[in-house]
Amino acid sequence: MTRINAIRNTATSVTWGKSLAGDLHVYAFAALLIVCSVTVGCSSDKPKPVSSNNQIPVTQPAAPVPAAAPVMEADSKPAPKKPVQRRKPATVNYADKSYGVTFEYPRRYAIETGDAASQLVSTNPIPMNFVQPGGVALAAVELPETNYINTDFSSAFFNVSVNKTLSEDQCNQFAVPAPKMAAKSDSTPAVTEVAKQDAPKSDVQPVASADQSSAKPVDDSLKSKLLIGDMELRATEAVSGEGTRQSDSKFFHMYQNGACYEFALNVTTNAAEEGLVKHVDRDKVFNRLEQILATVKINPVSTPEVAAEAPVPPSTETPAQ
């Protein structure tokens, strides 16, 4: 029994030793794990030496890139069109629908219509050259004085007037100059108003000489004519003035639309200003006015518009009883 107990005790001691040894191994392994964990953690905090074979590339900080401006798509929003600057024409067209008169004049010239035209025309010693009163000024174009600085130039204008109380025969006549007598005389008296022929010499017939006893009025057919397109105008010229002031006017008449149309060109000079020694070239000034006259047109208008303003004779019929 004692031996059996000794064997049991021995076996128990061996078993306990084995279990103790197993526990020691477990503890040792656990401790080893703890040491390794601590070692690895501490080693990760320390900077690792960089080897020459495995260098970490150093990246330079990128420069700030400016933001690109937004690009407009041509399809979505078309580019705005630049305004086209159109030059104004050098001439201006005047048109009067009531009387059918049209003409062109340079833009830099001044134009007056209505009452203002009447006032400008009234500055001429011969405002209108109709044989009967009743004329109305439609428009007047005045040349600028800046073109003739330091000369005796005073004014120059082109004007249009209409008289609806005249017949066609009366329209072919002019109040100035008055009818003259064709007479043979060696001396010519000085007058302030002189008729001149504007047409070429081939269109003017000479006046037959006659004695004073057989003097007679000059035939109206001897007056000059002017053709503008298909229009034939009667023409005359009158010169008037006092002292150093002189006014030269050219008048043109045409009967159409039941009315007498008058186109007048006037050039006035005044040599009374001190320091003015240069005389303006009248022919050049008239040439500018004649360029306006060359553009004149008279369009047909309806007869009722002209006849509506014509005087109506009183009726001779007696009312029925």
Side-chain angles (χ1 to χ4, degrees), residues 101 112 117-143 153-183 185 187-200 203-207 215-226 228 231-256 259-270 282-283 285-286 289-290 292-293 296:
V101 180
E112 303 291 350
S118 300
Q119 293 178 2
L120 179 60
V121 172
S122 64
T123 60
N124 186 7
I126 310 174
M128 300 180 189
N129 205 355
F130 295 115
V131 293
Q132 296 292 337
V136 178
L138 301 182
V141 179
E142 186 175 15
L143 272 64
F153 176 86
S154 178
S155 66
F157 59 85
F158 163 88
N159 70 280
V160 183
S161 303
V162 178
N163 192 329
K164 293 185 292 184
T165 64
L166 302 181
S167 64
E168 184 172 0
D169 292 338
Q170 291 175 325
C171 187
N172 292 332
Q173 302 175 10
F174 298 90
V176 177
K180 298 188 302 178
M181 306 300 290
S185 176
S187 61
T188 303
V191 294
T192 58
E193 296 177 353
V194 183
K196 297 183 180 179
Q197 301 296 333
D198 299 328
D203 295 339
V204 180
Q205 299 178 2
V207 180
K216 60 180 180 179
V218 178
D219 190 354
D220 289 340
S221 62
L222 298 180
K223 290 187 176 68
S224 63
K225 299 179 181 179
L226 176 67
I228 301 178
M231 300 187 305
E232 182 178 293
L233 291 80
R234 295 281 181 165
T236 191
E237 183 174 352
V239 179
S240 61
E242 296 179 358
T244 58
R245 184 178 180 85
Q246 180 176 337
S247 179
D248 193 352
S249 301
K250 297 181 180 181
F251 299 95
F252 304 88
H253 284 185
M254 180 177 180
Y255 190 83
Q256 190 168 330
C260 183
Y261 294 79
E262 179 178 274
F263 306 94
L265 317 179
N266 175 264
V267 177
T268 301
T269 58
N270 188 1
R282 292 171 173 267
D283 293 336
V285 180
F286 271 116
L289 299 175
E290 289 168 357
I292 303 176
L293 179 64
V296 168

Within this structure, what is the CG-OG distance for the pair Asn266 and Ser240, rounded to the nearest 0.5 Å? 8.0 Å
Has the side chain of Asn129 got a donor or acceptor atom that lies under 3.5 Å from a matching backbone atom of Ala175? yes
Rounded distance [0.5 Å steps], CD in Glu290 versus CZ in Phe263: 14.5 Å
Nearest-0.5 Å distance that lies between atom CD in Gln170 and atom OG1 in Thr165: 7.5 Å
Rounded distance (nearest 0.5 Å) linking atom CZ of Phe157 with atom CD1 of Ile292: 12.0 Å
Within the 4.5 Å heavy-atom criterion, are Asp248 and Arg282 side-chain neighbours or not? yes
Non-hydrogen side-chain atoms of Met231 and Leu233 separated by less than 4.5 Å: yes
Under 3.5 Å side-chain donor-acceptor pair for Ser247 and Asn124: yes
Nearest 0.5 Å, please: how far is CD in Glu112 from OG in Ser118? 10.5 Å
Between Asn172 and Tyr255, is there a side-chain heavy-atom distance shorter than 4.5 Å? no
Between Ser224 and Arg234, is there a side-chain donor-acceptor contact under 3.5 Å, judged purely by atom types and distance? no
So, do Tyr261 and His253 sit near enough that their side-chain heavy atoms are less than 4.5 Å apart? no
Working to the nearest 0.5 Å, report the span between OG1 of Thr236 and CZ of Phe251. 8.5 Å
